[in-house]
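Shown next, in structure tokens, is the structure this report addresses.
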Amino acid sequence: MMENTKPSLLEVQNLVTYYYTDEGVVKAVDGVDFKVYPGEIIGLVGESGCGKSVTSLSIMGLIESPGKIVNGKINFLERNLLELGESEMQNVRGAQISMIFQQPQSSLNPVFTIGSQIEEVFQIHGKISKNEAADKAIELLKLVGIPDAVKKTHAYPHEMSGGQAQRVMIAMALALSPKLLIADEPTTALDVTIQAQILNLLADLRRKFNTSVILITHDLGVIAEMADRVAIMYAGKIIEQSDVQSLFDHPKHPYTRGLIASVPVMGEIKESLDTIPGNVPNLIDLPIGCRFSTRCNAREEYQLEICNKQEPELQRNQKSGHEVRCWLYQDGEGHTAPFKL
Amino acid sequence: MTANSSTINGNAVKDYRSNSLWRLTLRRILRQRSAIIGMVILGFLLVVAIFADVIAPYSPYQVLIGVEDVNKRQAPCIHLLGCPADQPQHIMGIDGNVRDEFSRIIHGTRVSLFVGFSTVGVAIIIGTLLGAIAGYAGGWLDNLIMRFLDVLLAFPSLLLAITIVSVLGKGLQNALLAIAIVSIPSYARVVRASVLSVKETAYVSASRALGGNHAHILFGRILPNAIAPLIVRGTLGIGTAILDAAALSFIGLGAQPPLAEWGQMLGSERNQVFTAPHLVFYPGIAIMLTVLSFNLLGDGLRDAIDPRLRSAE
């Protein structure tokens, strides 16, 4: 695949977000780099607690105490978002970068009608009359495929199904045609059939508005269907990143392989599903060396000793752009990589 | 286009209003017997207060010496119950200054309801502001506000009110101010507790992600979700405020004669309990009935709208 030479929309550089708790420093995001290009969907994949959501909240500038962005740059449209003040960030949120959440029904305020909540977005960000906002709300509800949009503007959140509520959230997020949409597990709480509808809607709207999407999920099936590129996160770091085809055809990192192997395949009969042994390491007390080393079977298979001494760097294949962070592909002190990237 | 869709809106509003949260809440309130009883008594009191001039046969300040043939502290005379028809009717008797007790009780309703609503109104506005800011901001500001209110709360409320009135000078206005100040902490606490729980919800995060500023999120998004317990607390608080005001007037620090205020009427005739029991009985009953109505209504509202106490349906 050709190296992407277009200017990026969003560039996250060495993002470090720590939570200073009483038990110790939780290294939720510990040096994450990735780029988002205009109009693409990038998938951010990983287990619970690997830093996906904290990454997205860092981009939105919504990290709350005791959390703190310790280091890094988030360049968006030639500005470093981390240098913006709170009121400047408020102008970015919702208008240029918006976000949809995992629990659509609880993301809607129970005491306001759907219509007034969509209108709110316009009122926050611009001088627009109430009538215009109401018309736009109806237009948006039609756009996201809510039947009977006019009536539904007067409905309350408790009268909506999960799928409808997520459509409303998408309508609110896209109200001001933002350049970037962060979708944090948008379909996790929904039925499988509804999931597909919501994903199709997102894909349609992406094409229509040329919005870039950061799709956060732990569902590789969703990624395979939706994403252009994927970044796999593990314990606060990106451990593999490539275009979606290359990742599923030639997964490099043992963790990625484990993830792909653990997805049940339709029509294939297995005694039991493959699993990755162990749990995500404690983010306060990370293992020395590679963070995955404690659960890695490749380390045992190839008798690698460097893994629990030193942390590997993100290696990049210049031709394909496939990136991986693993000693299997990196030479080190007294260590020769068994494979070439 | 705009005109067209707004007429469509008009129709839709009618169709969907039956589902609004307020409708649901109202229906739930109407299922509470105590709320209904409270509302009926309160409705009656409101009618009495509004039409006091029409209902009361005399002015509350009119001294009847030389006008009618009545004596000081004369017992009630009700024609229906066998009081001779040639005597003027005074269904609650005559007070120590030869005024019609019934007219004074009727006009006292106005004073008491005004006292209840105004003190609680002021206390709720200030308490909500303080509690909301404390709960939303957290940290040192929260500590500062809440510790100050804790100090206020450490004094017995009536004692503190008496102190405030002594400093400001006696009179109904200062008594109201004192009662309002004394009841601020309890409203602030209720609001702070609700704000603390509501600000962690997903819809508040969603609002932040849409770019709302702090004032918009706190007052526009969080507070509307936090007022249910405040309504309950406020209703119960009106009863307490009326009682406190009556107590202050009873000991001579609140309403001053000749104003027709129940606590003051009770206080000025307290030595005549045995010789003229009607002058103590009727103001006492009036206070009791008013406070009871607010307490019943408050209890009913709590059962109906405070989710933490809502029984399984």
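Convention: sequence-line order gives letters A, B, ...; per-chain numbering from 1. Just the heavy atoms: all of them, side chains too, but no hydrogens, waters or symmetry mates, feed the values below. This is a predicted model, so every value here is computed, not measured.
Other residues, nucleotides and ligands contribute only 12 or fewer heavy atoms inside 6.0 Å of the CD atom of Gln173(B). The environment of Phe148(B) atom CZ is sparse: at most 12 non-hydrogen atoms of other residues, nucleotides or ligands sit within 6.0 angstrom. Annotation: Lys179(A), atom NZ; neighbour count of heavy atoms from other residues, nucleotides and ligands within 6.0 Å does not exceed 12. Under a cut-off of 6.0 angstrom, the local environment of CZ in Phe209(A) is crowded, with over 12 non-hydrogen atoms contributed by other residues, nucleotides or ligands. A 6.0 Å sphere centred on CZ of Phe219(B) holds more than 12 heavy atoms belonging to other residues, nucleotides or ligands. More than 12 heavy atoms of other shown residues, nucleotides or ligands fall within 6.0 angstrom of atom OH in Tyr20(A).
Shown here for Ser106(A) and Ala202(B), the closest heavy-atom pair between the two residues is O-CB, 3.3 Å. For the residue pair Phe112(A) and Pro224(B), the shortest heavy atom distance occurs at CZ-CG, 3.7 Å. Of all non-hydrogen atoms in Pro110(A) and Tyr203(B), the two that sit nearest each other are CD-CE2, 3.3 Å. The two atoms that bring Arg93(A) and Ala209(B) nearest to each other are CB-O, 3.4 Å, heavy atoms only.
One distance of note links CE of Met89(A) with CG of Asn213(B); it measures 14.5 Å at 0.5 Å rounding. Interatomic distance, Leu210(B) CG to Gln117(A) CD, rounded to the nearest 0.5 Å: 9.5 Å.
For a residue to count as touching a neighbouring chain, one of its non-hydrogen atoms must lie under 4.5 Å from one of that chain's; by this rule Ile182(A) does not touch chain B. Interface residue Glu120(A): only side-chain heavy atoms are found under 4.5 Å from chain B.
In this structure, Asn109(A) contributes its side chain and Arg221(B) its backbone to a donor-acceptor pair below 3.5 Å.
Taking the side chain as every heavy atom from C-beta outward, Leu62(A) and Ser205(B) never approach each other to under 4.5 Å. Annotation: side chain of Glu64(A) is in contact with side chain of Arg208(B) (closest heavy-atom distance under 4.5 Å).
Highest contact tally toward chain B, considering only Gln123(A), Glu86(A), Gln90(A), is held by Gln90(A) [criterion: heavy-atom pairs under 4.5 Å].
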